[in-house]
Amino acid sequence: MPTPVISPREADVLALLGEHLSNAEIAARLFISVRTVESHTSSLLRKLALPDRRALSRRAVELARAERPRPAPALPAPLTAFVGRERERAALAALLADHRQVTAVGPGGVGKTRLALAVAAGAADGFTDGVWFVDLAPVAGPDRVAAAVAAVLGVGEQPGQGLDEAVCAALAERRALLVLDNCEQVRDGVAPFLERLLAACPQVRVLATSRARLLVPFERAFPVPPLSRDGGATSEAVALFVERATAAAGVAPDPALRDGIAAVCERLDGMALAIELAAARWPTLGLDGLREGLSDQLRILAGGPRADERHRSVRAVLDWSHELLEPADRALLRRVSAFVLPFTAGAAVSVAGFAPLDPGAVADGLGRLAEQSLLTVVPSAHGTRYRAQETIRQYGAELLDGAGESARTRGRHLDWCLGGADGLARAADEERQLPEGGWQAGFDALAEELRAALAWAAERPERRPDARRLALGLAGLAFDRHLLGEAQQRLEQAAALATALTEDSPIDAADAVNATDSLREAARVAGCRRLGDDMYRLHRAAAAAALDAGDPAGAARDLAAAATVAHRFSSTFTRLPAAAEVTALLARARELSDGSPAASAALALAEAAVLADAYGSVQGSPDNTARETVGYAERAVDLARRAGDPVAESAALDALSGAHSWAGEPFAAAGAARRRVELLALAPRTPATAHEQVDALAMAAATAIGVGELDRARQWGRQLSGHPLTAEVGHHATSWLLVADAFAGQEEDVLAGGARFLDAWEQGGRPRSFSLGPAAAAVAMVHGLRGDDGARASWLAVAGRAGTEEEYRHGYGAVFDAAVLLDRGEAEAALERLSPAPEEVWKWVSWVWLHWYAAVRVEASVLSGHPEARERLAGARATVAGNPVAEAQLDRAEALLDGDLARVRASAAAFASAGSRYQSARSLRLADPAGIS
């Protein structure tokens, strides 16, 4: 049967049907009539032989998924062959095909991970969006589960949401398989994470391995049995032993010995880990030695009420291996259990090298433990490292407790971590200006150790000062590594540890000061994360801590900061505080202020935000006059400058920029934004300055676009795009650069940047923002200018979701749509799109879009022959004066109105000088009489 031919327009309609849009919505997206949509829908039903509109929507989704390239499975490559397990492999695969969450359950060492990897590899073709493996063994606590999954998926933190939400957003429409290994130690974190994930991601499936069930209602457990011993010498268990013994010895055991090997495997209950440990000893002990060792050393260890005989058998094999060690090696094995990640010999000396273990013998002992398969050698670019399998590490930890060495060993591990954190901090300071500092790799190799040491120390009152020091160190490193969520978490933890130090004694002022400083820093990191609620909460908490420290002036600053945040960053809140609550904070801040420069500057900024609504927040009063707002903001700038605080001055300049915008003074707004960038370029890098710098670059780029300074806008846009804090939020990072590039006619740059924008926006959960809608509309405009209506329609759909309807209809959307219509010679349609005078839609075109709206409206009036064209031209002159692009557009419009094509042609040079390549080329087209329609 021949494949039906679907026209491009029918394909556009089909794609929008896949988004479940109505005929009216599709018509609006594609700029066609509802009747035309109905006609295309009927044609598609006939061509595709489908019964109804719902079937069409399903077909559209299937076609979109089929066009995506299929990623290769992200599974670790096993270093040894997978042996046997054919029945279990088939059964587990069938269970996974029928259920969305399956847990392979069994004791440590039974072979759960290898079985799960084999099943995942076999099922990979059924998951068009990928198969991902996440090892949870090194994860320090239940709250780090989402971070571990996000790291494997390559999902970063998104503004205004946690990593749980970011992962769910990234996988929301994906058909993917997650393999979560070693869930038992973080079961309390895995269970709620999976509930959220599977509810939000209907096409995702999860295959977990754990020693115990996860105890979630949708879980299907698959008990992983020991290796089969059926068949004796030809059993799966014997096959595994022979394969591993051959690898260890370089030659296979004599086939005549297989019955004896079968007996050994039977004694080991078929446990894969036990068999592999025994096989590793084959070259030195042989069959007789193994038999003797098992007979003398094997004993059953009593487990908890849930432990079964197979679990006890693994412990028995480990006991047997442990008893064969020399006393020094036994001490080393239990002490290196403090490490949660691969470690070096030097690290082992620092942690484990105390009596009765000779520090000089540690390296030799590590080699012996590796030879006996109790440690694994892990080659790396920075030298040899050693790793204990998780089962063995936990076994060593029990031995450590039993030997009474846990406090001393873990204390030495804590000290080693403190030294490592200090060294990394120094390296980060030295390399901070480099694009790729080597300290990042060091942090990645040490981070889980730092987290584990911190968790241990935080529970011990005598080590809480060290815990606080480590929490602060980890916070700074995490921030520099762009792990902003953890940086905030550790700063809040440091504050809690500071106050916990004094629970049994009167509050110590120094500790209260420490808590205050940590909470303030946490608030600034929350600002970098675009979490307004957290900023507000943390500034209020810092104020309370400042009062405990006897610092009412500091409390005044924090309360004023909280009030400012509620207005300045109102769009980043999930729940805005009531206006009365914010006003009360400001009043309390006034009561506590000591009139110092810092307190006065903070109060002035809060007054500009709360009383004058300089930031144009959603809860601002409509009664403020523009000139009053400018006065409030100018006072805040002056006081912040006197206080010598560049961060406060930048925030005040931001208020001044907004105030000038509301006053209809775009050049003054752009000037204030530019001063912020210049001021912050000289400030040291801290969370506060980093937050201000990102905001300043965005505002500088936006206001420069508003006054036609396209080269400057593109320069600042590129800086924002490449800023370290925006690495994981490409949609926010590229938004204003896309707009500037679009106005400049840099079409290829727009198309390339649009791909990054779209990917980040989708991974971020498709948020709305005053900058995201314009960015998407700018990309749509470029596609429209290139004649690609299908791509334009797709990007207009993005613009509709990324911005608001009012802003698109009356503001930037009108400018971009009219530009496309004018390019196509549809001047009357363009004028209709811009029919309201600028003063009628002032709210939507102030700041960035006013000059562009006015200039494009005049051109549309001239080209459509509107009787008021010349009057509109004269009126727009005063509005856009000083904007080189808009002035050139008015000059060209006047030349067209006068019929002076020579002047039209000459305007190309003015546009080129202003950095607008597209408009320069358009002048040459319009200068050709055939180019005017």
Side-chain angles (χ1 to χ4, degrees), residues 58 61 65 73-75 87-108 110-137 139 141-153 155 161-225 306 308 763 765:
R58 287 196 296 267
V61 174
R65 181 179 296 120
L75 298 172
R87 290 190 300 273
E88 293 93 334
R89 187 173 178 177
L92 183 56
L95 200 61
L96 184 62
D98 293 336
H99 301 279
R100 295 189 59 210
Q101 199 273 300
V102 179
T103 305
V105 180
V110 76
K112 302 183 294 295
T113 299
R114 293 300 301 272
L115 176 61
L117 286 173
V119 169
D125 287 344
F127 294 92
T128 53
D129 293 309
V131 178
W132 309 90
F133 178 85
V134 184
D135 183 8
L136 298 177
V139 174
D143 60 335
R144 299 294 303 168
V145 171
V149 176
V152 170
L153 293 176
V155 173
Q161 63 180 198
L163 281 174
D164 282 34
E165 290 87 352
V167 170
C168 290
L171 296 177
E173 298 179 9
R174 304 297 177 91
R175 181 173 177 79
L177 172 64
L178 283 183
V179 182
L180 302 184
D181 195 32
N182 295 307
C183 294
E184 58 274 358
Q185 66 159 345
V186 287
R187 186 171 56 167
D188 290 344
V190 172
F193 171 77
L194 288 184
E195 290 197 54
R196 289 190 291 269
L197 177 75
L198 295 178
C201 308
Q203 298 185 87
V204 169
R205 295 191 178 229
V206 175
L207 175 56
T209 74
S210 179
R211 296 185 186 183
R213 291 183 58 191
L214 302 179
L215 300 178
V216 288
F218 45 81
E219 177 186 36
R220 284 302 299 263
F222 179 83
V224 179
R306 295 185 181 180
D308 59 24
Q763 284 203 13

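In this text the structure is predicted, and so the values were computed from the model without any measurement.
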| task | May I have the step-by-step check of side-chain contact (heavy atoms from CB on, under 4.5 Å) for Glu88 and Val224, ending in yes or no? | result | CA-CA 7 Å; Glu88 293 93 334; Val224 179; 5.7 Å; no
Closest heavy-atom contact between [X] and [Y]?
X	Y	result
Phe133	Val152	O-CG1, 3.4 Å
Pro192	Arg187	CD-O, 4.4 Å
Thr209	Asn182	OG1-N, 3.0 Å
Pro142	Asp188	CB-C, 4.1 Å
Ala221	Leu95	O-CD2, 4.1 Å
Cys168	Leu197	SG-CA, 3.7 Å

| Arg213 and Thr103: CA distance, side-chain angles, deciding distance, side-chain contact (heavy atoms from CB on, under 4.5 Å) verdict | CA-CA 7 Å; Arg213 291 183 58 191; Thr103 305; 5.9 Å; no
Within the structure provided, determine whether [X] and [Y] are in side-chain contact (heavy-atom separation under 4.5 Å).
X	Y	value
Val186	Arg144	no
Leu180	Val145	no
Asp129	Gln203	no
Val216	Leu198	no
Phe218	Leu194	yes

Looking only at atom types and distance, does a side-chain atom of [X] sit under 3.5 Å from a main-chain N or O of [Y], one as donor and one as acceptor?
X	Y	answer
Arg100	Val206	no
Arg205	Ala97	yes
Arg175	Gly126	yes

| field | Full working for side-chain contact (heavy atoms from CB on, under 4.5 Å) between Cys183 and Leu214 | value | CA-CA 8 Å; Cys183 294; Leu214 302 179; 3.8 Å; yes
| said: As an exercise, state the distance from CG of Leu136 to CD of Glu184, rounded to the nearest 0.5 Å. | reply: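 Spacing of CG (Leu136) from CD (Glu184) equals 9.0 Å.
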| field | Separation of Lys112 NZ from Asp181 CG (nearest 0.5 Å) | value |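 Output value for this atom pair is 8.0 Å.
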| message | Under the criterion side-chain contact (heavy atoms from CB on, under 4.5 Å), I'd like the reasoning laid out for Leu178 against Leu153: C-alpha separation, chi angles, the key distance, then a yes or no. | response | CA-CA 10 Å; Leu178 283 183; Leu153 293 176; 4.2 Å; yes
